[in-house]
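All remarks here apply to the structure that follows.
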There are 4 protein chains.
Amino acid sequence: MTKKRPFAIVAGAGPGLGQALTRKLSQEGYNVLGITRSKPSSSISDTILFAQVDLADTQAVKEVLTPCLTRYGTPEILIHNPASLVIKPFLETSAEDFTRAWKSMMLSAVNTCQAVLPQMLEAGRGNIIISGATASLRGGKNFAAFASAKFALRGLAQSLAREYQQQGIHVVHAILDGIIDTDTSRSLHKLSSDRMMKPDDIAQIYWQLIQQPRSTWTHEIDLRPQQENF
Amino acid sequence: MTKKRPFAIVAGAGPGLGQALTRKLSQEGYNVLGITRSKPSSSISDTILFAQVDLADTQAVKEVLTPCLTRYGTPEILIHNPASLVIKPFLETSAEDFTRAWKSMMLSAVNTCQAVLPQMLEAGRGNIIISGATASLRGGKNFAAFASAKFALRGLAQSLAREYQQQGIHVVHAILDGIIDTDTSRSLHKLSSDRMMKPDDIAQIYWQLIQQPRSTWTHEIDLRPQQENF
Amino acid sequence: MTKKRPFAIVAGAGPGLGQALTRKLSQEGYNVLGITRSKPSSSISDTILFAQVDLADTQAVKEVLTPCLTRYGTPEILIHNPASLVIKPFLETSAEDFTRAWKSMMLSAVNTCQAVLPQMLEAGRGNIIISGATASLRGGKNFAAFASAKFALRGLAQSLAREYQQQGIHVVHAILDGIIDTDTSRSLHKLSSDRMMKPDDIAQIYWQLIQQPRSTWTHEIDLRPQQENF
Amino acid sequence: MTKKRPFAIVAGAGPGLGQALTRKLSQEGYNVLGITRSKPSSSISDTILFAQVDLADTQAVKEVLTPCLTRYGTPEILIHNPASLVIKPFLETSAEDFTRAWKSMMLSAVNTCQAVLPQMLEAGRGNIIISGATASLRGGKNFAAFASAKFALRGLAQSLAREYQQQGIHVVHAILDGIIDTDTSRSLHKLSSDRMMKPDDIAQIYWQLIQQPRSTWTHEIDLRPQQENF
C-alpha cells in the first residue's frame with residue numbers, strides 16, 4: 001500500500017458486505033485495512049490489507065491499529081460492520097450468548113472508534129458508519145441477544161454523533177432492514193435473490209454517505225430491498 | 001420541452017430548495033414541471049416549466065397535471081416540498097391556521113400523489129420524495145399547527161411506501177433537520193450561513209435517493225448541517 | 001347536575017369507550033358532559049349530560065361549551081376520543097375522505113382544547129387525554145387517511161404537552177393498540193372477545209393517568225390486549 | 001416471611017426507588033425479596049428479605065434465587081431496577097466502563113429474568129417491569145456507556161414482551177425521564193425537590209401497571225416530573 005492514498009478501515013471485513021466495502025473504498029482511491037475474525041485466503045489487491053483480530057479484544061485492536069495509523073496516516077473512514085446473528089428462545093440463550101453478541105457487535109465498535117477518534121479529532125474530520133439491522137429498532141421473539149446488542153450499538157452511534165459531529169466527525173447509523181445477498185444467506189434463507197440486498201449496492205450508498213457535504217449530513221438511514229415488507 | 005426527456009414534477013418549487021431541485025433534475029436530463037403558489041418572474045430554462053396552482057385545490061391540480069402527463073409522459077419523479085412554517089402559541093393559532101397548514105403541506109401531497117400514481121403504477125416504477133422537518137418527529141411549544149401537519153405527512157409517506165413499494169414505487173420521507181439557506185431564512189434567522197443547509201446539497205442527496213438500486217431503497221433519511229445540535 | 005361536583009368533558013362520547021368514560025368519571029364524582037355526533041336515546045344519569053355537536057365545527061363547539069363552562073366551572077378533565085376509521089386503498093380515498101378524517105380526529109381536538117385551555121391555565125391545572133391508535137405510530141397500506149390524521153393528533157399532543165405541562169396541564173397521548181370491544185366491532189371483526197380491549201378497562205387506566213401525582217406524569221402510554229401481536 | 005403471601009422480587013433494591021418498591025409491594029400483601037449490591041443495615045419488615053448478590057453473576061443469582069423460589073413460590077412480580085450512571089467523554093470511557101455498565105444494567109436483567117421466567121410460564125402469569133431512563137431513547141454526549149446499556153435493556157424488554165406476552169407474562173418498559181429524589185441525587189444535583197420524581201409515586205404507578213387487566217396491558221410508559229422539559 002502506497003502511503004499517498006487516504007486511509008480507510010473496515011471492521012468486519014468478511015465475505016459479503018465487508019469485502020464489498022473494502023473493494024469499493026479501494027476503487028475510490030483508498031488504502032483499506034479490513035479486519036476479520038478469520039484469515040482471508042489471499043490478499044485481493046495491493047491497496048487492501050487484511051488483519052485477523054478479535055475486535056472485542058481492546059488490547060489486540062490497539063496493537064494492530066497503532067502501527068497502521070502510523071504507517072498509513074489518519075483514517076478518513078471507519079466502517080463498523082460485524083454482525084453475529086443469534087436467534088434463540090430467550091430461555092435457551094445463555095449469559096455467554098448475550099455476552100458474545102454484545103462484545104462482537106458493541107464492544108468491537110467501542111474499541112475501533114476509540115482507536116481512530118483521537119487522530120480524526122486532531123484532523124477535524126472523519127467518517128464513522130455503523131451498520132444496524134431491523135433489530136436495531138425492534139426487539140422480537142427469539143431476538144433478545146441480537147436485538148439488545150443492536151439497540152446498544154444505536155445508542156452508541158447517537159452518542160458519538162452528538163459528542164463529535166460539531167468537531168467534524170460524521171457518524172452514521174445505517175439500518176440494513178433485509179437479508180444481505182451472500183453465499184451463506186442464500187443457503188440459509190430460501191429467498192429469491194432479488195429480495196436480498198446486494199453488498200455492492202450497500203457499499204455504493206455508504207460511499208455516498210461518506211461524500212455528503214457538511215451542510216447535509218445524515219445520521220440515520222434505512223435500506224431495504226424493494227420487495228421487503230416493513 | 002422536448003418530449004424525449006424523462007419527466008419530473010416538483011410540487012413546491014419556490015425560491016430555495018424548490019428551484020434547486022428543478023434545476024438539478026433539469027441538469028440530469030429531465031423535463032421538469034415546477035408547481036408554485038406565486039408565479040416565477042421568468043422561465044429559467046427550456047426544460048423547466050413553471051405552473052402556478054394552489055396544490056390544496058384537488059380539481060386545479062388535476063387540471064394542470066393531466067395535460068402535462070399526456071404531453072410529457074409518465075413522471076418518473078415527484079418531489080413534494082411545500083412547507084409553510086407556522087410558529088404561534090396554540091391559543092393564538094386559529095382553526096383556519098390549522099386548516100391552512102394541513103392543506104398546504106398534507107392535502108397538497110395527497111392531491112399530487114393521486115395525480116401521478118396511476119401512471120407510475122402502470123409503468124411499475126416511480127419515485128416520490130416527501131420533505132419532512134424536525135417537527136415531523138417532535139411536537140413542540142408554538143408548533144402545534146406545523147408539527148401536526150408534518151406528522152400527518154409522515155404518516156402519509158409511510159402508508160404510501162407500504163402500499164406501493166412492492167409495485168415499484170419508491171417513497172422516501174426526508175427529514176430536513178435544520179434551516180435551509182435562502183434569502184428569506186438569512187434575513188429571518190441570525191444564523192451563520194455555514195449552519196444552514198444548502199439547497200443544492202439537498203438536491204444532490206435527493207438525486208442519489210432517486211438513483212438507489214432496487215436492492216437498497218431508503219424510506220427515511222435525516223439531513224442536518226454539521227454544526228446543528230440534535 | 002349539581003354545581004358542587006368537579007367538571008369533566010368527554011369529546012367523542014358514543015357507545016363503547018366514550019360512554020364507559022362518561023360513566024367512570026360520573027362514578028368518580030364528576031359532572032360529565034359527553035359530546036357526540038348522534039343524539040343518545042336517553043340521559044343515563046343526572047350527573048351526565050350529552051350534547052350533540054359536530055366537534056369539527058369551531059363555532060358550534062364554542063357555543064355549546066361556553067355556557068357549560070359558566071355553569072359547571074373550569075373543567076378538570078378533557079378526554080378526546082373520536083375515531084373514524086377509514087380503510088381504503090389510497091387511490092380510492094378522496095380528498096374529502098382525507099379532510100373528513102382530519103377534521104373529525106384532529107380539528108375536533110384543536111377545537112375542544114382551545115375551548116377549555118384558557119380556564120384550565122387560569123386554574124393552573126387540568127388533564128387532557130388524547131386517544132391514539134396503532135396507526136398513530138405506523139402508517140400502513142390502506143391507512144393513509146386514518147394514519148395521517150392519527151399522526152397529526154400525536155404531533156398536537158406532544159406540542160400541547162411541551163407548551164403547557166409546566167403550567168400545570170397534564171397532556172397524555174394514549175395509544176390504543178387493539179380493537180375496542182363494542183357491539184359494532186364484534187360484528188365487524190371475527191375476533192374472540194378476549195382479544196379485544198374492554199372499554200371499562202381503558203376507562204380505569206385513563207382514570208389512573210388523571211390521578212398521577214405531579215412528580216410522575218406520563219405523556220405517552222400504549223395499551224393492548226394480552227393476546228395482541230405487536 | 002409467611003408462605004401464604006404472594007411473592008415478588010425487586011432486583012436493584014438500594015435506597016431510593018428500590019426500597020420504595022419493596023415497601024409498596026410488602027404493603028400490598030407480598031413477600032418481597034430485595035436484591036442489592038451493598039448489604040442494608042437492617043431488615044425493615046418481616047415481609048421483606050434483602051439479599052446481597054452481584055446481579056451480573058449468573059451463577060450467584062441462581063444460587064440465591066433458587067431456594068427463595070422453592071420457599072416462597074412462583075414470583076408474581078419481578079422489577080428490574082439497577083442503574084449505574086456513567087457520564088464521561090467517550091474517549092475517557094474505558095472498555096471496562098462499558099462492560100460494567102452493560103453487565104450491571106443489561107446482564108443483570110437477563111440473569112434475573114431467566115431465573116424467574118420458567119416458573120412464571122408454568123403458572124401462565126407474571127409481571128416483569130424494567131426501569132429505563134431518558135437515555136433509553138436518546139444517546140447523548142458523554143452518555144455512550146449509559147445510553148448503550150439502556151438501549152440494550154429496551155431491546156431486551158421488547159423482545160421479552162413479544163416472546164412471552166401471549167403466554168401470560170406482562171413485560172413493561174418504564175422510562176423514568178427525570179431525576180429520582182434521593183439523598184444522593186439531592187446532593188449531586190442542585191435541583192429543587194419538586195422537580196424530581198418521588199420514589200413512592202413511581203412505586204404507586206408500577207403497582208398500577210402490575211394490576212392492569214389483561215384487556216389493557218401497557219408495554220411502554222414514560223414518567224417525568226411536571227416541571228421537566230422534554
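Residue numbers begin at 1 in each chain, while the letters A, B, ... track the order of the sequences.
More than 12 heavy-atom neighbours from other residues, nucleotides or ligands sit within 6.0 angstrom of NZ on A:K88. D:R214 CZ: more than 12 foreign heavy atoms inside a 6.0 Å radius. In D:E122, the CD atom is not crowded: 12 or fewer heavy atoms of neighbouring residues, nucleotides or ligands sit closer than 6.0 Å. No more than 12 heavy atoms of other residues, nucleotides or ligands shown are found within 6.0 angstrom of CZ on A:R125.
Contact of D:F146 with chain A is not made at all, since no heavy-atom distance falls under 4.5 Å. For D:A144, the parts lying under 4.5 angstrom from a heavy atom of chain A are both the backbone and the side chain. Both the backbone and the side chain of A:L156 come within less than 4.5 Å of a heavy atom of chain D.
Side-chain contact between D:S159 and A:K141: absent, with no pair of heavy atoms (C-beta onward) separated by less than 4.5 Å. Side-chain atoms of A:F151 and D:Q158, non-hydrogen and from C-beta on, do get closer than 4.5 Å to each other.
How far CZ of A:F143 is from CD of D:E163: 10.5 Å, rounded to the nearest 0.5 Å.
When the heavy atoms of residues 131-140 of chain A are compared with those of chain D, the residues falling under 4.5 Å are A:L137, A:R138, A:G139, A:G140, listed by number. Contacts between residues 90-113 of chain A and chain D, defined by a heavy-atom separation under 4.5 Å, are made by A:F90, A:L91, A:T93, A:A95, A:F98, A:T99, A:W102, A:M106, A:L107, A:V110, A:N111, A:C113.
Contact count versus chain A (heavy atoms, under 4.5 Å) is highest, among D:P89, D:A157, D:A149, for D:P89.
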